[in-house]
**Student:** 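Take this structure, written in structure tokens, and hold onto it; I'll ask about it next.
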Amino acid sequence: MRYSYRFDGERSVNLRELDTKPPVEIDREAAEAQIVKLSAELGELQELMYGAGKHSLLVVLQGMDTSGKDGTIRHLASALNIQGVHVQGFKVPTPDELAHDFLWRVHPHVPAKGNISVFNRSHYEDVLVVRVHNLVPEDVWKRRYNQINEFEDLVAENRTQIVKIMLHISKAEQEERLLDREQEVEKSWKLSPGDWKERAFWEKYQDAYADAIGKCSSKNAPWFVVPADKKWYRNLAVSEILVEALRPLKPEWTQALKAIGSKAKAELEEYRRTAS
Ligand code: ADP
């Protein structure tokens, strides 16, 4: 079954209609057993992708503050071989970054063949926070949807599997998580008055997310909205998204690896023949 909402063509999106909580019929224990299986499969797929060196995977993580981007990255780190994974965060642009086009800082972090990149925030901030706070004129951010689509097409045509994930939490869940940051010492480093200030723009962010997802979804670069109020369910949904993005390529990788293996064996035999 699909644990998240998939968008792979232009259409309107209303986030208010999409659940942030897990469906009642899925219990935590069963989900955790399923995560173990999916994590094992994900690790195997990563190894095949790395060995075959034909494709790469780009995971874009977006979500409101406290939505669990860091926790999702920790979860992925437990399933993947971190050799071959690059995590890139995108924060407020530096003056140098602002002096370039908005995709300039993003492109160098697209994964090389065989590798995985995880974006913690991304080029989508340029149609989210930038739109909510009018950081550039409207006609500038409006053109960016198209520019993003063209950029992602280029990346996908170069054999990068792209999955874009919005961790969807409720406003009430965010409040609880922000309050937790005040109570728990281990979380206090994440405490920022800025998060409360941004929370006041909740509705504007939801609209900006809906537009970004609606205007920038394609078969090549789908968006997935993950109900993220429960971390265990979020991890289940994210694991499934990644496995399903890579699984169709497995036969091609197995084939490529067989060819690589035969070539190496022939070279080894030749070496043994000449060395003896
Ligand atoms: P985290 O991602 O853990 O929340 P920070 O607290 O440092 O990390 O937040 C990064 C901040 O950078 C966010 O508020 C985000 O909206 C902002 N940001 C990222 N990209 C841009 C951008 N292109 N323009 C303006 N602000 C941005």
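The structure presented is a predicted model; accordingly, all values stated were derived computationally and were not measured. Atoms within a ligand are numbered from 1 in the order they appear, just like the ligands themselves.
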**Student:** Should the pair His123 and Phe119 be assigned to parallel (<30°), tilted (30 to 60°) or perpendicular (>60°) ring geometry?
**Tutor:** perpendicular
**Student:** Quick check on Lys171: does its NZ atom have over 12 non-hydrogen neighbours (other residues, nucleotides or ligands) under 6.0 Å away?
**Tutor:** yes
**Student:** Taking all non-hydrogen atoms of both residues into account, name the closest pair between Leu103 and Gln147 and its distance.
**Tutor:** CD1-O, 4.1 Å
**Student:** Of all the atoms in ligand 1, which lie at a distance below 4.0 Å from a heavy atom belonging to Asp126?
**Tutor:** 23 (N)
**Student:** Does atom 6 (O) of ligand 1 have any protein heavy atom closer than 4.0 Å?
**Tutor:** no
**Student:** Check the angle between the aromatic planes of His109 and His86 and answer parallel, tilted or perpendicular using the 30° and 60° thresholds.
**Tutor:** parallel
**Student:** Nearest protein heavy atom to atom 12 (O) of ligand 1, by residue and atom, and its distance?
**Tutor:** Val92 N, 3.1 Å
**Student:** Would you call Arg105 a ligand 1 contact, heavy-atom distance under 4.0 Å?
**Tutor:** yes
**Student:** Give the numbers and elements of all ligand 1 atoms closer than 4.0 Å to a heavy atom of Val130.
**Tutor:** 24 (N)
**Student:** Can you tell me which residue and heavy atom of the protein come closest to atom 9 (O) of ligand 1, and the distance to 0.1 Å?
**Tutor:** Arg121 NE, 4.0 Å
**Student:** Determine whether Arg199 and Glu175 satisfy the following criterion, salt bridge (Lys or Arg N to Asp or Glu O under 4.0 Å), listing intermediate values before the conclusion.
**Tutor:** CA-CA 9 Å; Arg199 183 175 157 77; Glu175 183 173 16; 3.7 Å; yes
**Student:** Lys91 to ligand 1: N or O pair under 3.5 Å?
**Tutor:** yes
**Student:** Taking the six-membered ring for Trp and the full ring for Phe, Tyr or His, determine whether the centres of Phe201 and His133 are under 6.0 Å apart.
**Tutor:** yes
**Student:** Among all protein heavy atoms, pick the one closest to atom 15 (C) of ligand 1 and tell me residue, atom and distance.
**Tutor:** Glu125 OE1, 3.5 Å
**Student:** To which protein heavy atom is atom 26 (N) of ligand 1 closest, and what is the distance rounded to 0.1 Å?
**Tutor:** Val129 CG1, 3.5 Å
**Student:** Taking only residues at least two apart or on different chains, which pairs with a member in residues 26-83 satisfy ring pair (Phe, Tyr, Trp, His ring centres under 6.0 Å)?
**Tutor:** His55-Trp253
**Student:** Please confirm whether the backbone N or O of Thr94 pairs with a side-chain atom of Glu97, one donor and one acceptor, at under 3.5 Å?
**Tutor:** yes
**Student:** Just jot down the ligand 1 atoms closer than 4.0 angstrom to any heavy atom of Phe90, in number order.
**Tutor:** 19 (C), 20 (N)
**Student:** Taking a cutoff of less than 4.0 Å between a non-hydrogen atom of the residue and any ligand atom, is Pro93 in contact with ligand 1?
**Tutor:** yes
